2 protein chains.
Amino acid sequence: MNTPFSRVASPLLNIPVLKASCAGCSLHQLCLPMGLGNADMDRLDQIIGRGQRIQRDQHLYRMGDPFKNLYAIRFGHFKTCHISNNGEEQITGFQMAGELLGMDAISSDHHHCDAVALEDSEVCEIPFTRLEELFSHIPTLLHHFHRIMSQEITRDQNVMLLLGNMRAEQRFAAFLVNLSSRYLARGYSSTNFQFRMSREDIGNYLGLTIESISRLLSSFRVKGWIAVDKREIQILDLTKLKEIALGGEAALMAKKTGKPAGPATAKT
Amino acid sequence: MNTPFSRVASPLLNIPVLKASCAGCSLHQLCLPMGLGNADMDRLDQIIGRGQRIQRDQHLYRMGDPFKNLYAIRFGHFKTCHISNNGEEQITGFQMAGELLGMDAISSDHHHCDAVALEDSEVCEIPFTRLEELFSHIPTLLHHFHRIMSQEITRDQNVMLLLGNMRAEQRFAAFLVNLSSRYLARGYSSTNFQFRMSREDIGNYLGLTIESISRLLSSFRVKGWIAVDKREIQILDLTKLKEIALGGEAALMAKKTGKPAGPATAKT
DNA sequence: CGCGCTGTTGAGCTTTCTCAAGTTACGTGG
DNA sequence: CCACGTAACTTGAGAAAGCTCAACAGCGCG
């Protein structure tokens, strides 16, 4: 790794340098150029536009916008949300540094959701037509791109599993464990971090109300699994949370009654 | 279109011809070779393996199987289901002729879900590494492949919206409308078709119990929106169903009370 | 002809939502 | 610097949607 930044370097260090460069980005092992040699990474760098700053609550793109670019998150956090026909919004994901935004737009040449910055963030603009040109010259890049799209599919299907099969407590535990492991992969603490999204966003994402999220936070706190202060969270018993996220029968037993699991469907 | 089969040709006509051929397939405008010229379609045909028959309830692949091929459904129906760690299954989609199976496996070189035939079906085997080789020679094919993967992402996110935001009635209406439009796109009736999946499968997919599905069917029937006989369904008021699927406030009003919509979150 | 599988219907119960009141933090203007 | 207003969150009590359990009906199959 010849990156000038350590994995945990403060994002602030990057702010003055707006020219996006994969080679100089601490995230290139998580991001699109993963596994590329120096020469190929340079070619990728040549098509990548200037970094783009997005302020908190600003839209990176909106549903219906024409599709030009994919965006790699350089630092910061985003949410993507679909607006259904009756005006309800459904948050389909929270994205963090090193993740790619905009892949849903390839199918129809316009975006199918809104992407909103949860905090001041910066993205690399990746012109998709130029990227496709590169693919024919760099098979490794193409293959990795396919993996990323496929990963997105898998991720979405896991959320479907969460929304279709899990109880509130399990959903929330799974959410915490997911965040935890993603921060870990980025070199941050897996037990101490802050929510970049509001309780409302969390509830929306998990298919629960804001009140339920609040109650779950309290309940997890009382049980000693987490400590919360506003948006600051500390995970005190990650093992327990993982157990519950996995559907922990044991966890439900311990709770009091000996009921099966799952909000619906279920049944052997 | 130089296909020897009309769009509505009975699938039975294809059974004796096990050699898969895009050029000779009535679905090539819906499937991977969409938009390809004859020469390119021939090249695609050369890498596509023999057709593979899958009997009802047989697995096309299982979670954990190594990833070798994508599969295009020639005729028949499939379901894909994830098994969560506590043994619960969640059906993540129902696939029909012309749709591609297995894209979730690209990310990790093994399948992340089970694919099960809902009836006797046939698929074309598409060796993925050979397909990737073709991509560098046929940019149109590559581009279309990206659209298909992107479509899959969009589809999954719509299901997330369904599971996260919709009431039982709305979910079920959306499900019926979705099936209807997919049959329409394939040249079949949009109002008369049969469920290839059990009530249990429908319930699992929609995050509801089998009893709820049964009640919804009855309720829709009583209201005169559909007629049902076992797995045969006739849609009598597609407009109404679409209205409800879209979150129809009007529909909810008419129902009796004047409540807002959405099972959770919501609120302006 | 009876068994098993799938689906239907009913009654009561659990989970989570809804509504409402109250708290805390924070930015704005006096 | 403080009062105020707003936004975000918390907590409680009651309501409702949909689940669980249970009984039963229809159909296919051995």
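Since the model is a prediction, treat every value here as computed from it, not as a measurement. All chains are named by letter (A, B, ...) in the order of the sequence lines, taking the proteins before the strands, and each is independently numbered beginning at 1.
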| field | Protein proximity profile, nucleotides 22-30 of chain D - base contact B, sugar-phosphate-only contact S, no contact -, cut-off 4.0 Å on heavy atoms | value | ---------
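- Atom C1' of nucleotide D:dA17 and atom CD of B:Glu169 are separated by 12 Å, given to the nearest angstrom.
- Using cut-offs of 30° and 60° on the angle between ring planes, the pair A:Phe193 and A:Phe195 is perpendicular.
- Residue A:Ser214 has no polar side-chain atom (N or O) positioned under 4.0 Å from OP1 or OP2 of D:dT11.
- We find that CE of B:Met166 is positioned 18 Å from P of D:dA17, with the value rounded to whole Å.
- At the heavy-atom level, B:Ser198 lies under 4.0 Å from the strands shown only through sugar-phosphate atoms.
- Taking the ring pair (Phe, Tyr, Trp, His ring centres under 6.0 Å) definition, one finds that A:His77 meets it with A:Tyr183, sequence neighbours left out.
- Contact annotation: side chain of B:Arg215 to base of D:dT20, donor-acceptor pair present below 3.5 Å.
- Taking atom CZ of residue B:Arg199 and atom C1' of nucleotide C:dC5, one finds them 13 Å apart after rounding to whole Å.
- Between the CZ atom of B:Phe220 and the P atom of C:dG7 there is a distance of 18 Å, given to the nearest Å.
- A 4.5 Å side-chain heavy-atom check between A:Phe78 and A:Ile54 finds at least one atom pair inside the cut-off.
- Between the CD atom of A:Glu232 and the P atom of D:dA8 there is a distance of 18 Å, rounded to whole Å.
- For A:Tyr205 and A:Phe94, the ring centers sit closer than 6.0 Å to each other.
- Relative ring orientation between B:Phe175 and B:Phe172 is described as parallel, the plane-to-plane angle staying below 30° on a 0-90° scale split at 30° and 60°.
- Once rounded to the nearest 0.5 Å, the distance linking CD1 of A:Ile210 with CZ of A:Arg215 reads 11.0 Å.
- Rounded to whole Å, the distance from CD1 on A:Ile213 to P on D:dA8 is 16 Å.
- Look at A:Arg231 and you won't find any side-chain N or O under 4.0 angstrom from OP1 or OP2 of D:dA8.
- If one axis is set at each end of the helix from C:dC1-D:dG30 to C:dG30-D:dC1 from five pairs, those axes are 30° apart, to 10°.
- In this structure, B:Leu217 atom CG and C:dT6 atom C1' are separated by 13 Å, rounded to whole Å.
- Rounded to the nearest 0.5 angstrom, B:Ser121 OG and B:Arg196 CZ are separated by 9.5 Å.
- One atom, CG of B:Leu206, and another, P of D:dC19, lie 11 Å apart when rounded to the nearest Å.
- Here the CD-NE2 distance, from B:Gln157 to A:His82, works out to 4.0 Å after rounding to the nearest 0.5 Å.
- With 3.5 Å as the limit, one finds no donor-acceptor pair spanning the side chains of A:Thr191 and A:Gln234.
- Look at A:Ser212 and you won't find any side-chain N or O under 4.0 angstrom from OP1 or OP2 of C:dT15.
- For D:dT20, neither phosphate oxygen OP1 nor OP2 lies less than 4.0 angstrom from any side-chain nitrogen or oxygen of B:Thr209.
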